[in-house]
Protein chains: 4
Amino acid sequence: MQDARDPRTESPPNRSKPRSRRLPREVRERQILDAAVQVFARHGYHEAAMDEISEVAEISKPMIYAYLGSKEELFVACIRREANRLIESISGAVDADLPPDEQLWRGLRAFFEYAQQNRASWTVLHRQASTQGPPFAAELSAWRRRALDLVTTLLSRADGTEEDRQVRHEQMQPFAAALVGAGESMVDWWIEHPEHTADALSMRLMNLVWMGFGDMVQGRRWKPD
Amino acid sequence: MQDARDPRTESPPNRSKPRSRRLPREVRERQILDAAVQVFARHGYHEAAMDEISEVAEISKPMIYAYLGSKEELFVACIRREANRLIESISGAVDADLPPDEQLWRGLRAFFEYAQQNRASWTVLHRQASTQGPPFAAELSAWRRRALDLVTTLLSRADGTEEDRQVRHEQMQPFAAALVGAGESMVDWWIEHPEHTADALSMRLMNLVWMGFGDMVQGRRWKPD
Amino acid sequence: MQDARDPRTESPPNRSKPRSRRLPREVRERQILDAAVQVFARHGYHEAAMDEISEVAEISKPMIYAYLGSKEELFVACIRREANRLIESISGAVDADLPPDEQLWRGLRAFFEYAQQNRASWTVLHRQASTQGPPFAAELSAWRRRALDLVTTLLSRADGTEEDRQVRHEQMQPFAAALVGAGESMVDWWIEHPEHTADALSMRLMNLVWMGFGDMVQGRRWKPD
Amino acid sequence: MQDARDPRTESPPNRSKPRSRRLPREVRERQILDAAVQVFARHGYHEAAMDEISEVAEISKPMIYAYLGSKEELFVACIRREANRLIESISGAVDADLPPDEQLWRGLRAFFEYAQQNRASWTVLHRQASTQGPPFAAELSAWRRRALDLVTTLLSRADGTEEDRQVRHEQMQPFAAALVGAGESMVDWWIEHPEHTADALSMRLMNLVWMGFGDMVQGRRWKPD
DNA sequence: GATGAATGAGGCTTCATTCAT
DNA sequence: TATGAATGAAGCCTCATTCAT
């Protein structure tokens with residue numbers, strides 16, 4: 001809980017390599033967000049210090065405030081960006097023309113792969129964002145809704161009337177929530193058992209939610225085509 | 001009528017009911033833990049202020065420190081107590097002599113009922129404890145291990161050799177993790193859709209994990225005996 | 001600076017050997033003062049906690065307050081008692097009929113012996129009392145005056161008119177101060193070089209103040225008769 | 001508690017000159033150390049409040065922490081700086097080519113002059129540093145060793161073999177300790193008798209340690225060339 | 001008389017945020 | 001524009017002191 005940054009032992013006043021200046025705003029913002037996600041993931045919202053973010057981003061604190069506002073706003077910006085990336089990642093992997101089980105399978109795989117390759121991003125979304133109380137509730141709700149929608153869509157057939165689909169969509173929601181939660185939880189477990197591959201994890205979850213234990217205990221398994 | 005206060009006689013600032021005093025240590029500790037769980041659940045570990053806990057508990061801060069130690073230790077005490085309560089709740093509901101599906105069903109129902117009746121407790125365990133970094137890692141590991149063990153036991157048949165069971169126990173772990181995560185997530189969803197009953201939620205999750213989507217989309221459902 | 005007394009791990013509520021009661025006031029006061037001197041010497045005035053004093057004294061805090069008043073008054077009482085003991089110790093060792101050097105020699109020896117046998121007492125007087133600012137100034141002044149008087153008397157011949165003696169008494173004061181300081185300092189040094197005896201230390205100081213370096217560098221030494 | 005600030009440096013009551021800002025780090029550090037020495041000297045380590053130091057220094061507390069670390073570290077920094085100043089003061093006054101008595105005389109005079117002009121500094125070194133227990137033991141040891149070395153050197157002739165000098169150096173230590181203590185003590189006495197000059201005090205101590213009482217009572221005195 | 005229980009007050013420390021250059 | 005310097009506000013924790021039994 002103690003970080004070893006001691007201002008007294010820091011670099012001498014005349015810094016030899018002056019921080020590069022006059023970068024376009026977009027680049028700066030990305031630098032900042034990258035650093036923020038990293039630091040928020042490492043320490044959690046509260047323990048994360050603006051000082052550390054500014055160091056990691058190699059941008060001075062006043063610039064951070066100028067570009068992205070308060071710490072709270074910065075965190076919201078992180079959540080929003082990372083949520084988009086994840087959603088796009090999964091959306092890009094599925095294909096509306098495939099049968100539901102195939103879609104689900106692809107979605108799951110995309111999810112596990114994303115979590116593996118963007119651990120910090122995922123940590124911020126899953127662990128940090130959900131624990132910081134009211135200030136981020138709105139942002140979180142939005143992200144959850146999108147995630148549920150996506151999963152619900154994956155789970156629903158595309159046929160039937162519009163009304164039919166609407167109803168099914170509603171009914172699917174708790175299942176979708178369960179699926180998302182199961183995925184999150186498996187990723188957590190994965191972190192402590194990294195010897196498994198993303199494929200293996202996806203397969204297990206697929207079996208759980210597609211076949212169910214009832215089938216599994218009798219030896220039936222789901223397999224990709 | 002007797003209470004009609006004469007506006008002319010100034011009552012003491014606020015304290016109508018003087019804080020009861022000289023309670024035995026045990027009672028005080030429970031008061032404190034109750035308050036702490038509530039406040040930690042509401043704001044998260046870091047945002048929770050010892051001041052607020054002491055106000056909610058109606059006990060001065062020094063007593064909190066005398067009885068339960070630092071904020072960190074207090075949080076650990078909360079986790080430990082609530083974990084015990086939940087585990088006992090579920091353990092008490094299952095019965096080793098029943099078939100696996102029936103056991104699972106009872107366990108799930110117990111879990112959802114507990115979560116419904118002890119929302120703060122559950123929030124602390126699920127949301128807060130897992131996000132506060134190293135200081136609580138040990139306590140968390142312990143609690144997770146117990147939870148996984150419990151679920152794994154529910155999911156495993158009791159027959160076969162000891163070795164068999166050991167192996168199955170290992171293989172079950174990711175499924176158990178998934179199941180726990182699914183449950184957690186459904187509870188979250190439930191909070192925003194409180195019109196459902198604990199029974200209904202349990203049933204849905206049961207269907208998901210026992211029958212699987214593959215069966216569900218064909219209209220097959222699991223039902224209790 | 002951290003003491004390991006943790007109230008949570010203390011003796012169970014029903015203490016088997018009840019603290020003995022109804023002792024006469026004098027005994028209690030001595031217990032308290034003994035404990036206080038010990039604790040003050042160990043930690044210094046500020047770090048000394050009334051809790052620890054009460055534990056060491058085996059007397060509850062309210063009794064301490066009843067008998068000796070506030071922490072400040074308790075400290076004053078310590079100073080006063082220990083100053084008396086030391087002064088009496090030295091006074092008892094000298095004999096007005098002896099020649100000055102012999103008197104000085106005896107006084108020094110008495111002092112070093114006292115310091116050796118009552119380290120806590122001496123520490124409180126020398127180290128702690130002088131550093132605690134205004135609150136104890138009066139008590140300290142009194143003790144210093146007495147110490148100076150004693151030493152001045154040792155150093156002055158008893159002959160001459162009363163006026164003569166008064167004058168000499170005045171002139172002696174800075175020397176007396178120097179002598180006391182030299183003694184204090186040698187005791188400090190002694191603590192880290194405990195292989196020396198009280199006699200040896202006394203002899204060295206005696207040589208310093210009686211013969212002076214001027215003589216010593218030429219090999220002249222003072223010796224007791 | 002109201003600012004007992006030296007009238008010469010007192011700022012005008014109505015802060016017309018807003019706290020000067022943007023000073024370079026070096027200046028700030030000196031300001032802080034000056035204030036800290038003053039406050040530590042006045043109240044002692046424990047009674048000294050960071051709040052008061054920050055007020056006296058006219059710098060906000062966070063800057064103190066940023067530049068000099070915790071209260072403990074700040075105190076150590078004070079000790080170190082003041083010890084250096086004193087040692088340099090005395091070292092600068094002596095001259096290895098002079099005979100021992102002349103050297104001692106110069107050293108004493110330098111010491112008394114320093115003590116007169118830097119009372120706070122001296123108080124911190126002498127009274128406070130030695131009473132604050134373990135945390136400062138290392139720093140104190142270092143400073144004491146240097147002081148003893150310096151005095152021992154003053155007292156030792158430079159002739160003889162290296163081995164001789166080593167032995168004498170050892171034997172001199174208790175005398176050096178005594179001398180330092182005598183000096184400290186005379187300064188204390190001086191504070192209450194400020195009518196004497198530094199020269200007079202030095203002369204008295206010189207007589208005591210060089211001639212000894214044995215000579216003095218017979219009217220022999222030491223005099224500078 | 002004796003004490004476990006209780007607290008007001010205050011100290012050290014940190015951090016998000018903003019000047020002034 | 002970009003940043004080192006600066007601080008208000010707040011949090012955790014401890015301790016001398018006193019009730020109420």
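The chains referred to below are lettered A, B, ... by the order of the sequence lines, with proteins before strands, and numbering in each begins at 1.
- Protein atom CZ of C:Phe75 is 17 Å distant from nucleotide atom P of F:dC15, rounded to whole Å.
- When the nucleotides E:dA16, F:dA10, F:dA6 are ranked by their closest atom to the side chain of D:Lys61, F:dA10 comes out on top.
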| request: Taking Watson-Crick and G-U wobble pairs with both distances under 3.5 Å, convert DNA chain E into its dot-bracket string, 5' to 3', dots for unpaired and | for cross-strand pairs. | output: .||||||||||||||||||||
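- Neither OP1 nor OP2 of F:dT1 sits under 4.0 Å from any side-chain N or O of A:Arg28.
- Proximity note for C:Met63 (side chain, C-beta onward) versus E:dA6, E:dT3, F:dT7: the nearest is E:dT3.
- When the nucleotides F:dA2, F:dT7, E:dA6 are ranked by their closest atom to the side chain of D:Ser60, F:dT7 comes out on top.
- Rounded to an integer number of Å, the gap from CZ of B:Arg25 to C1' of E:dT3 is 16 Å.
- Summary of the strand contacts: B:Asp51 and C:Pro62 both lie near DNA chain F, and taking for each the nucleotide with the nearest heavy atom, the more 5' one is attributed to B:Asp51.
- Distance, A:Leu74 CG to E:dT17 P: 10 Å, rounded to whole Å.
- Distance D:Glu72 CD to E:dG11 C1': 15 Å, rounded to the nearest Å.
- In terms of the salt bridge (Lys or Arg N to Asp or Glu O under 4.0 Å) criterion, residue partners of C:Glu29 (sequence neighbours excluded) are, by chain and number, C:Arg25.
- Looking at which nucleotide of DNA chain F each of B:Lys71 and C:Met50 is closest to, the 5′-most match is held by B:Lys71.
- Look at CD on C:Glu47: it is 10 Å from P on F:dA16, rounded to the nearest Å.
- Judged by distance alone, the side chains of A:Arg28 and A:Gln31 never bring a donor and an acceptor atom under 3.5 Å apart.
- Applying the side-chain hydrogen bond (donor to acceptor under 3.5 Å, both in side chains) test to B:Glu52 and every residue at least two apart in sequence or in another chain returns B:Arg42, B:His43.
- Under the salt bridge (Lys or Arg N to Asp or Glu O under 4.0 Å) criterion, B:Arg80 pairs with B:Glu139, not counting sequence neighbours.
- For the pair C:Tyr67 and E:dG1, the criterion of a side-chain N or O lying under 4.0 Å from OP1 or OP2 is not met.
- Rounded to whole Å, the distance from NE2 on D:His46 to P on F:dC15 is 10 Å.
- Rounding to whole angstrom units, OH of residue B:Tyr65 and C1' of E:dG11 are separated by 13 Å.
- Rounded to whole Å, the distance from CG on B:Leu23 to P on F:dT21 is 11 Å.
- Listed by chain and residue number, B:Glu82, B:Tyr114 satisfy the side-chain hydrogen bond (donor to acceptor under 3.5 Å, both in side chains) test with B:Ser121 (two or more places apart in sequence, or in another chain).
- Cation-pi geometry between D:Lys71 and D:Phe40 is not met at under 6.0 angstrom from the ring centre and within 45 degrees of the axis.
- Pairs of residues two or more places apart, or lying in two chains, that qualify as salt bridge (Lys or Arg N to Asp or Glu O under 4.0 Å) and include a residue from residues 59-69 of chain D are D:Asp51-D:Lys61.
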